[in-house]
Amino acid sequence: MESRRRTFLKNISLAALGVATPVHTVWPRSLKLNGKDGTGINPWLEISKRAYLRNASEISKMADGKPILAVLKNNAYGIGDVEVAKILDDSPHINGFALVKETRCLALRKVGVKKPILLMGDFSTDLGEELVNANITLSAFSEASMEKIMGLPPNPNKKAKVQLYFDTGLGRMGMPHDQPFDWVMKLSNNKHIEIVGLFSTLTSPIDFAKEQIERFSVLTKKLSQLGIPVENRHIAPSSSLLELEASHLDMVRPGILLHGSFPLLKMEHADHYSLQPTFRLRAKVIRVELLKKGDTIGFSRFYKVPENQWIATLPIGWADGYASSAENGAKVLINDKLFTVVNVNASHCNLVIGKEKQVDGGDVATLIGPDVPEITPSGFAQLIDGHTYLQINYKESLPKYVSDDFD
Ligand SMILES: *Cc1c(COP(=O)(O)O)cnc(C)c1O
């Protein structure tokens with residue numbers, strides 16, 4: 001009787017830990033990473049070329065076929081700006097890339113990225129010439145930035161490409177939309193400068209975004225009357241792209257959608273589109289120990305072992321960019337089963353394996369990935385009551401493996 005009860009309980013807890021229905025993915029479960037299965041002992045990111053190219057095509061459909069200016073700021077939200085740019089350089093739906101640091105724009109060119117690159121931020125003066133030579137488009141976002149661009153040493157063979165950045169209400173970057181256009185005329189009259197686009201950034205509340213679109217439309221008309229070229233207009237980050245068709249203009253400018261996440265956890269239109277996660281965050285189990293009832297884990301002693309339990313340790317923590325709030329109930333996939341995270345420190349995290357030792361040292365754990373809903377970036381965010389931009393923090397130092405696997 002006792003043993004039947006134990007088997008019954010074990011089955012229940014296995015069902016509770018069991019793998020949920022896999023989400024649809026176009027990439028295989030195990031990527032062939034140029035013959036390698038990740039690194040030796042350090043955590044790593046696996047990046048799917050196929051998933052990025054599919055997402056780009058899907059996003060272009062969302063935007064009525066308009067081209068995409070892919071925002072890869074903050075190291076492509078922690079996933080790898082260089083890696084993602086190299087992949088998307090091959091997509092017919094991608095017009096170019098937008099970043100906020102001049103050194104990262106140059107890094108993209110250094111690995112051979114060919115498409116237009118827009119610097120949406122400032123640049124240090126001593127890199128100005130190099131940026132122009134590398135065909136990086138600069139932004140004029142203030143009087144001072146305009147003066148800086150005009151002060152660059154003139155290059156007889158190459159005009160400096162510039163986009164005009166207007167503030168229509170985000171209040172963060174750009175020339176105020178209702179300012180006189182003398183500064184634009186100065187730029188436009190400079191024979192070493194070519195104005196190649198204009199942009200602004202919409203806020204999320206729809207009513208105000210509509211007002212911003214109106215402001216942008218008014219200023220576009222005025223510029224046009226002054227003989228300024230008004231092509232390559234773009235104002236829509238992911239949320240406006242999804243919610244406001246009038247924001248699509250000549251190009252759309254999403255960031256988070258490229259990686260397969262929606263800007264908010266609950267979005268009305270999300271179900272209509274089949275975006276998918278583009279990466280896996282993985283680490284190998286380095287320790288599995290049976291802890292006793294009453295033992296605790298970690299500095300804060302946040303988790304108290306309620307009964308004798310096998311506890312696994314992964315060599316990844318918040319210093320690698322894995323959210324420390326994961327200890328509030330996130331799951332990790334090992335050997336097709338989900339286990340609960342109960343502790344996150346700087347370089348380690350711990351999982352409850354249970355009464356049975358179901359995992360071994362060296363087993364590969366997937367912390368974030370497309371495999372089951374609980375570990376997708378948004379599934380993870382949902383479990384810990386977070387937001388979908390959490391992956392923004394992955395450290396640049398994580399090794400990255402791009403899969404060319406297209407089967
Ligand atoms: C971050 C950013 C975007 C993209 O935002 P998502 O919400 O990730 O789509 C677009 N434009 C600007 C200026 C940004 O800073």
Side-chain angles (χ1 to χ4, degrees), residues 52 55-56 58-60 62-63 66-81 84-85 88 93-102 104-105 116-123 136-142 145 163-177 197-206 208-209 212-213 215-216 232-245 247-267 269-270 273 275 277-279 377-378 381 386-394:
Y52 271 109
N55 283 351
E58 199 62 19
I59 294 167
S60 169
M62 297 171 177
K66 295 285 170 64
I68 298 164
L69 182 56
V71 174
L72 300 184
K73 67 184 183 196
N74 305 5
N75 197 27
Y77 292 164
I79 297 155
D81 51 11
V84 177
L88 292 180
H93 307 288
I94 300 287
N95 167 281
F97 305 99
L99 294 89
V100 293
K101 292 215 166 72
E102 87 282 48
R104 300 313 302 165
C105 293
I117 299 177
L118 170 65
L119 171 63
M120 299 192 293
D122 202 1
F123 61 93
I136 310 285
T137 304
L138 305 172
S139 291
F141 58 86
S142 67
S145 72
Q163 292 214 16
L164 309 175
Y165 194 169
F166 291 96
D167 181 6
T168 53
L170 187 67
R172 183 177 78 182
M173 281 286 276
M175 277 291 216
H177 66 102
L198 56 147
F199 68 108
S200 186
T201 306
L202 297 182
T203 57
S204 310
I206 291 189
F208 188 61
Q212 287 183 276
I213 294 173
R215 290 174 180 175
F216 194 77
N232 291 327
R233 298 161 305 151
H234 48 97
I235 54 174
S238 297
S239 67
S240 339
L241 184 165
L242 284 162
E243 290 176 330
L244 265 177
E245 211 180 314
S247 74
H248 297 168
L249 303 185
D250 300 319
M251 281 192 271
V252 290
R253 212 175 61 225
I256 191 114
L257 289 174
L258 298 165
H259 313 292
S261 298
F262 289 87
L264 298 174
L265 277 176
K266 293 201 171 38
M267 293 204 79
H269 310 297
Y273 303 108
L275 292 180
T278 48
F279 66 98
S378 45
H387 56 82
T388 57
Y389 290 80
L390 280 166
Q391 70 261 26
I392 229 163
N393 284 322
Y394 297 150

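Remember, it's 1-based here, ligands and their atoms both numbered in the order they're listed.
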Enquirer: Among all protein heavy atoms in this structure, tell me which lies nearest to atom 11 (N) of ligand 1, with the distance rounded to 0.1 Å.
Expert: Arg253 NH2, 2.9 Å
Enquirer: Please report the interatomic distance OG(Ser238) to CD(Glu243), rounded to the nearest 0.5 Å.
Expert: 10.5 Å
Enquirer: Mind listing the closest non-hydrogen atom pair of Gln212 and Thr201 along with its distance?
Expert: NE2-O, 3.0 Å
Enquirer: Less than 3.5 Å between some nitrogen or oxygen of Thr201 and one of ligand 1, yes or no?
Expert: no
Enquirer: In ligand 1, which numbered atoms sit nearer than 4.0 Å to a non-hydrogen atom of Pro254?
Expert: 9 (O)
Enquirer: Which atoms from ligand 1 have a heavy atom of Tyr389 less than 4.0 Å away?
Expert: 6 (P), 7 (O), 8 (O)
Enquirer: Using heavy atoms and a threshold below 4.0 Å, how should the contact between Arg172 and ligand 1 be classified: side chain, backbone, both, or neither?
Expert: side chain
Enquirer: Polar-atom distance check: Ile256 versus ligand 1, any N or O pair below 3.5 Å?
Expert: yes
Enquirer: Taking only heavy atoms of Ser238, which atoms of ligand 1 are found under 4.0 Å from at least one of them?
Expert: 6 (P), 9 (O)
Enquirer: Heavy-atom distances under 4.0 Å are what count here, so tell me which part of Tyr165 touches ligand 1: side chain, backbone, both or neither.
Expert: side chain
Enquirer: Looking only at the side chains, is there a donor atom on one of Thr168 and Ser200 sitting less than 3.5 Å from an acceptor on the other?
Expert: yes
Enquirer: Just jot down the ligand 1 atoms closer than 4.0 angstrom to any heavy atom of Lys73, in number order.
Expert: 1 (C), 2 (C), 3 (C), 14 (C), 15 (O)
Enquirer: Testing the basics here: between Leu72 and Leu258, what is the closest heavy-atom pair and its distance to 0.1 Å?
Expert: CD2-CD1, 4.2 Å
Enquirer: Show the nearest heavy-atom pair for residues Phe166 and His177, with the distance to one decimal.
Expert: CD2-CA, 4.4 Å
Enquirer: Considering the options Asn55, Leu69, Leu241, which one meets the side-chain contact (heavy atoms from CB on, under 4.5 Å) requirement together with Pro254?
Expert: Leu241
Enquirer: Determine, using ring centers only, whether His234 and Phe199 are less than 6.0 Å apart.
Expert: yes
Enquirer: Check whether any side-chain heavy atom of Leu390 lies under 4.5 Å from a side-chain heavy atom of Pro377, and answer yes or no.
Expert: no
Enquirer: Is there any N or O on Val71 that sits under 3.5 Å from an N or O of ligand 1?
Expert: no
Enquirer: Among all protein heavy atoms in this structure, tell me which lies nearest to atom 8 (O) of ligand 1, with the distance rounded to 0.1 Å.
Expert: Tyr77 OH, 2.6 Å
